[in-house]
J.: 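Take a look at this one; I'll ask things after.
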Amino acid sequence: MHIAFFDSGVGGLTVLHEAIQCMPGERFIYFGDSRNAPYGTKSREQITGLVLQACAFLEEKKLKALVIACNTATSVAIQAVRDRYDFPVIGMEPAVKPAVEGSSDKRVLVCATDLTLKEDKLDKLVQGLHAEDQVDYLSLQGLVLLAEHFEMNAPETDAYLRDRFSGIAWDAYHAIVLGCTHFIYFREHIRRLIPPHVRIINGNKGTISNLISRINQESSFEKKEIQYFISGQKADTGHFEKYLDYLNNTQTQQL
Ligand code: DGL
């Protein structure tokens with residue numbers, strides 16, 4: 001039995017990367033729907049259709065769990081997936097809770113895709129935490145395709161981030177939430193552009209703890225095994241592994 005990770009493209013590899021470190025004896029499948037990325041600019045109906053199509057493909061692989069390693073897909077399609085399948089389906093949402101809990105009197109900047117920011121699910125999450133007066137929102141949708149094109153260090157990336165961050169009075173904030181799995185590739189870059197007192201928070205660790213609590217872990221496989229698919233077709237391992245290598249090489253403890 002496999003644990004599948006699904007995303008609109010390469011973003012979910014940042015979550016798989018976390019899983020590989022915590023769950024060495026598991027067999028993984030990674031499905032990146034890169035031919036249809038980005039999701040964040042599509043309609044709810046389009047995204048739900050694409051997610052269900054991917055799930056129909058993954059179901060054939062006999063899953064012990066599915067991680068929807070995409071905040072955007074989770075916000076619109078997780079219920080439809082849970083209604084159809086018996087295996088545990090783990091979703092993601094922007095890590096607003098740890099961000100507001102760590103707060104004193106300063107604000108939290110939640111960054112996500114256009115669609116995640118428009119959805120009621122995020123409003124409900126913030127209202128449930130009584131944090132409406134503490135949170136601001138910023139779309140960093142442009143980072144999704146920059147990550148798909150492996151342009152983490154391109155001049156366009158720097159120009160894009162500087163433009164999106166211009167005008168933000170960082171003294172008013174104590175944390176920034178990376179509420180899209182593609183954004184994790186830009187942590188270092190973001191770290192260099194914002195003051196050190198602003199913490200950079202993401203939900204990947206929480207998602208993997210949630211996954212671990214939902215399954216029986218196996219340790220019978222000595223070697224990690226990952227099968228990769230792009231939009232339903234077997235993918236070249238190197239294409240995805242260069243992203244995992246990038247994460248290994250840029251990981252920092254203190255962000
Ligand atoms: N990785 C995705 C997320 O976590 C979606 C990016 C996109 O395709 O727009 O929201």
Side-chain angles (χ1 to χ4, degrees), residues 4-19 30-55 66-81 89-97 99 109-123 125-126 137-152 157 160-161 164 176-187 190 200-208 210-211 228-232 239-240 243-244 246-247:
F5 284 73
F6 166 78
D7 179 50
S8 63
V10 297
L13 290 166
T14 66
V15 191
L16 174 63
H17 183 253
E18 194 72 45
Y30 187 81
F31 186 118
D33 198 8
S34 291
R35 297 217 173 95
N36 294 304
Y39 276 13
T41 52
K42 292 186 164 52
S43 68
R44 307 186 94 234
E45 294 69 29
Q46 282 173 308
I47 296 169
T48 306
L50 289 167
V51 173
L52 291 178
Q53 199 175 313
C55 289
L66 168 66
V67 180
I68 301 190
C70 176
N71 296 260
T72 309
T74 301
S75 36
V76 297
I78 196 154
Q79 201 48 52
V81 178
V89 179
I90 286 90
M92 295 201 75
E93 60 186 15
V96 183
K97 189 166 188 272
L109 185 65
V110 177
C111 301
T113 62
D114 292 350
L115 190 119
T116 302
L117 295 180
K118 271 196 293 216
E119 281 299 303
D120 288 352
K121 203 161 193 283
L122 182 57
D123 289 337
L125 172 70
V126 172
Y137 303 98
L138 181 71
S139 169
L140 292 179
Q141 181 67 56
L143 291 182
V144 175
L145 283 185
L146 288 165
E148 289 295 318
H149 300 145
F150 205 74
E151 283 178 342
M152 279 75 96
T157 301
Y160 175 77
L161 281 170
R164 297 303 291 157
I176 176 171
V177 175
L178 302 184
C180 166
T181 50
H182 281 75
F183 299 173
I184 313 298
Y185 294 110
F186 303 91
R187 280 183 305 190
I190 292 171
I200 302 176
I201 296 176
N202 72 70
N204 286 6
K205 272 203 166 53
T207 301
I208 298 306
N210 188 7
L211 168 66
Y228 297 98
F229 297 91
I230 296 184
S231 305
H239 171 70
F240 286 130
Y243 285 90
L244 295 176
Y246 184 83
L247 291 167

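Atoms within a ligand are numbered from 1 in the order they appear, just like the ligands themselves.
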J.: Check each heavy atom of Thr113 against ligand 1 and say whether those closer than 4.0 Å belong to the side chain, the backbone, both or neither.
T.: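 Thr113 to ligand 1: side-chain contact only, backbone stays beyond 4.0 Å.
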
J.: Looking only at heavy atoms, is any part of Asp7 under 4.0 Å from ligand 1, and if so is it the side chain, the backbone, or both, or is it neither?
T.: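 Only the side chain of Asp7 comes within reach of ligand 1.
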
J.: What orientation do Tyr243 and Phe150 show, parallel under 30°, tilted 30 to 60°, or perpendicular over 60°?
T.: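 It falls in the perpendicular class, over 60°.
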
J.: Are Leu161 and Ile190 close enough, and set up right, to give a side-chain contact (heavy atoms from CB on, under 4.5 Å), and what steps lead you there?
T.: CA-CA 8 Å; Leu161 281 170; Ile190 292 171; 4.1 Å; yes

J.: Closest non-hydrogen protein atom to atom 2 (C) of ligand 1, residue and atom name please, with distance?
T.: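 Going atom by atom, the protein heavy atom closest to atom 2 (C) of ligand 1 ends up being Cys70 SG, 3.2 Å.
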
J.: Please confirm whether the backbone N or O of Ala112 pairs with a side-chain atom of Thr116, one donor and one acceptor, at under 3.5 Å?
T.: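 No, because the side chain of Thr116 does not come within donor-acceptor range (under 3.5 Å) of the backbone of Ala112.
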
J.: As an exercise, identify every atom of ligand 1 less than 4.0 angstrom from a heavy atom of Val144.
T.: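 Near Val144, meaning under 4.0 Å from one of its heavy atoms, ligand 1 has 6 (C), 7 (C), 8 (O), 9 (O).
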
J.: Using a 4.0 Å cut-off to any heavy atom of His182, which atoms of ligand 1 qualify?
T.: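 Checking each atom against His182, I get 1 (N), 2 (C), 6 (C).
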
J.: Considering the heavy atoms of Gly40, write down every atom of ligand 1 situated less than 4.0 Å from one of them.
T.: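 Near Gly40, the atoms of ligand 1 are 7 (C), 8 (O), 9 (O).
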
J.: What part of Asn71, side chain from CB on, backbone N/CA/C/O, both or neither, has a heavy atom under 4.0 Å from ligand 1?
T.: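 The answer is both, backbone and side chain.
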
J.: Considering only heavy atoms of Cys180, which atoms of ligand 1 have at least one such atom less than 4.0 Å away?
T.: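 Those of ligand 1 that fall under 4.0 Å from Cys180 are 1 (N), 2 (C), 3 (C), 4 (O), 5 (C), 6 (C), 10 (O).
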
J.: Quick one: are the ring centres of Phe229 and Tyr30 less than 6.0 Å apart?
T.: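 Ring centres of Tyr30 and Phe229 not closer than 6.0 Å.
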
J.: Let me know which of Thr113, Leu115, Val76, Leu50 forms a side chain to side chain contact (heavy atoms under 4.5 Å, CB included) with Tyr39.
T.: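 Of Thr113, Leu115, Val76, Leu50, side chain to side chain contact (heavy atoms under 4.5 Å, CB included) with Tyr39 is met by Leu50 alone.
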
J.: Are any of the N or O atoms of Thr41 closer than 3.5 Å to those of ligand 1?
T.: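 For ligand 1, there is no N or O atom that lies under 3.5 Å from one belonging to Thr41.
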
J.: Just need the protein heavy atom nearest to atom 7 (C) of ligand 1, so name the residue and atom and give the distance.
T.: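 Protein heavy atom at minimum distance: Tyr39 N, 3.3 Å.
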
J.: Quick one: does Ala37 get within less than 4.0 Å of ligand 1, heavy atoms only?
T.: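 No; Ala37 lies far enough from ligand 1 that no heavy-atom distance drops under 4.0 Å.
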
J.: Can you tell me which portion of Gln141 lies within the under-4.0 Å heavy-atom range of ligand 1? Options are side chain, backbone, both, or neither.
T.: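 Within the 4.0 Å criterion, Gln141 contacts ligand 1 through side-chain atoms alone.
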
J.: Looking only at heavy atoms, what is the nearest atom pair of Ala80 and Thr48, with distance?
T.: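 That closest heavy-atom pairing would be CB-CG2, 4.2 Å.
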
J.: Decide if the gap between the ring center of Tyr228 and the ring center of Phe31 is smaller than 6.0 angstrom.
T.: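 For Tyr228 and Phe31, the ring centres are not under 6.0 Å apart.
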
J.: Flag the pair Leu143 / Leu146 as yes when at least one side-chain heavy-atom distance between them is below 4.5 Å, and no otherwise.
T.: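 Yes, side chains in contact.
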
J.: Considering non-hydrogen atoms of the protein only, which is the closest contact for atom 10 (O) of ligand 1, and what is the distance?
T.: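 Here the nearest protein heavy atom works out to Thr72 OG1, 2.6 Å.
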
J.: For atom NZ of Lys121, is the number of surrounding heavy atoms from other residues, nucleotides or ligands below 6.0 Å larger than 12?
T.: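 Counting neighbours around NZ of Lys121, more than 12 heavy atoms of other residues, nucleotides or ligands fall under 6.0 Å, so yes.
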
J.: Show me which atoms of ligand 1 lie under 4.0 Å from any heavy atom of Ser8.
T.: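 In order of number, 5 (C), 6 (C), 7 (C), 8 (O).
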
